[in-house]
Amino acid sequence: AANGTGTVYANGASYAFTSNITLYAQWTANTLTVTYDSDGGSAVTAGSTTTGSSISTAPTPPTLTGATFAGWGTTKNASSLITFPYVHGQTSNFTLYAQWVQNPVFSNYTLKRTGVADTTPAVGIGYSFTYLPNDSGIYLVANASVTYGGTLSYKWINNSTGNTLQDWSSSNSILIPSASASNGYHYQAVIRNTRFTITTETTASGSLYPQMDTQGYITNAGDRTLNY
């Protein structure tokens with residue numbers, strides 16, 4: 001019968017029939033290899049499944065220094081995660097890819113001001129800028145990146161007190177106004193990366209202390225110079 005019941009006739013054998021009869025082909029699903037690409041993480045042993053079938057459980061998750069494992073996707077840097085049991089519908093060997101939420105990688109700060117070339121402060125070196133008439137201030141930018149995708153957000157704190165100077169937003173810069181008490185703060189960025197439903201966080205190494213002096217300059221001076 002079509003559902004596999006009834007008499008089984010071996011392939012290639014001879015049988016004598018006394019009347020018309022219908023035989024139904026019986027199929028066994030092919031075994032498929034499932035490769036788990038950890039995308040830079042620790043190795044994951046390949047698995048197996050069958051044509052058009054499903055994978056009941058996920059393999060042991062890989063690990064990667066500086067990142068959190070989010071799950072598996074059908075492509076690298078996938079926009080969504082698969083869930084288990086996973087009905088794959090595949091007819092040939094296939095690969096699933098580890099999806100990571102990387103800790104933001106902070107590189108450095110940049111000082112920006114209209115009419116002056118951008119400056120990347122170095123460890124222990126002061127940088128002075130003369131304020132022009134009606135100058136609104138200098139922008140301090142935190143430069144960070146991620147390899148595996150995600151959305152970065154930034155919070156600025158006063159490193160010496162822990163107080164928030166600018167709450168979480170997509171902006172990686174903060175305005176340091178001229179001739180203000182804000183010039184006494186130790187500016188430091190905290191950076192988050194959000195992907196899928198997971199958020200990782202990095203605090204930028206070092207802080208910038210823009211001390212206003214009597215000359216009307218702003219400088220990376222004081223006891224909190226950049227320390228990478």
Side-chain angles (χ1 to χ4, degrees), residues 39-41 63-71 77-81 98-114 116-129 131 135-213 217-228:
D39 199 8
T63 57
L64 177 63
T65 301
T68 298
F69 178 71
N77 295 324
S79 59
S80 61
L81 302 174
Q99 306 298 311
W100 300 103
V101 185
Q102 184 184 11
N103 299 341
V105 178
F106 171 76
S107 54
N108 52 39
Y109 290 110
T110 299
L111 289 167
K112 290 179 175 287
R113 176 181 157 239
T114 303
V116 176
D118 294 350
T119 300
T120 300
V123 176
I125 298 177
Y127 291 88
S128 297
F129 296 87
Y131 278 94
D135 198 349
S136 59
I138 292 174
Y139 281 92
L140 178 61
V141 179
N143 301 303
S145 62
V146 287
T147 301
Y148 297 96
T151 301
L152 295 180
S153 55
Y154 304 80
K155 180 174 78 171
W156 290 88
I157 63 172
N158 183 352
N159 175 272
S160 60
T161 64
N163 293 339
T164 297
L165 302 177
Q166 182 171 290
D167 214 345
W168 294 107
S169 74
S170 59
S171 175
N172 67 338
S173 65
I174 187 171
L175 174 66
I176 304 174
S178 61
S180 166
S182 300
N183 298 141
Y185 296 154
H186 297 259
Y187 289 83
Q188 187 172 35
V190 184
I191 309 156
R192 284 180 175 173
N193 179 33
T194 301
R195 188 173 181 227
F196 306 117
T197 59
I198 298 173
T199 297
T200 58
E201 185 173 297
T202 296
T203 299
S205 55
S207 60
L208 188 65
Y209 180 23
Q211 180 65 55
M212 180 66 71
D213 65 22
Y217 296 94
I218 188 168
T219 180
N220 167 20
D223 61 345
R224 297 282 183 133
T225 54
L226 286 174
N227 181 21
Y228 300 139

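Just so you know, these numbers come straight off a predicted model, no measurement behind them. Heads up: numbering here begins at 1 and tracks the sequence.
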Task: Any Y148 side-chain heavy atom under 4.5 Å of V101 side chain - done: no

Open item on the list: Side chains of I174 and Y185, heavy atoms from C-beta outward: is any pair under 4.5 Å?
Closed with: no

- [ ] Measure from the side-chain N and O atoms of N193 to the backbone N and O of Q102, and report whether any donor-acceptor pair falls under 3.5 Å.
- [x] yes

Open item on the list: Please check this pair: side chain of Q99 against backbone of A78, looking for a donor-acceptor N/O pair closer than 3.5 Å.
Closed with: yes

Any idea which heavy atoms bring [X] and [Y] closest together, and the distance?
X    : Y    : result
V141 : S173 : CG2-CB, 3.8 Å
F196 : A70  : CD1-CB, 3.7 Å
A189 : A142 : CB-CB, 3.6 Å

Kindly compute the distance separating [atom1] ([X]) from [atom2] ([Y]), expressed to the nearest 0.5 Å.
X    : Y    : atom1 : atom2 : value
Y139 : I176 : OH    : CD1   : 11.0 Å
N172 : S153 : CG    : OG    : 11.0 Å
N158 : L165 : CG    : CG    : 5.0 Å
K112 : L140 : NZ    : CG    : 11.0 Å
T120 : N108 : OG1   : CG    : 5.0 Å
T202 : I191 : OG1   : CD1   : 6.5 Å

Task: Residue pairs fulfilling salt bridge (Lys or Arg N to Asp or Glu O under 4.0 Å) with at least one residue in residues 184-197, sequence neighbours excluded - done: R192-E201

- [ ] Output all residues satisfying side chain to side chain contact (heavy atoms under 4.5 Å, CB included) with A98, sequence neighbours left out; order by chain, then residue number.
- [x] P62, F69, W72, W100

- [ ] Could I get the full list of side-chain hydrogen bond (donor to acceptor under 3.5 Å, both in side chains) partners for Q166, not counting sequence neighbours?
- [x] none

Task: For V146, the option from L152, V105, T151, N103 that meets side-chain contact (heavy atoms from CB on, under 4.5 Å) - done: L152

Open item on the list: Is the ring pair W156/Y109 parallel, tilted or perpendicular, if the boundaries are 30 and 60 degrees?
Closed with: tilted

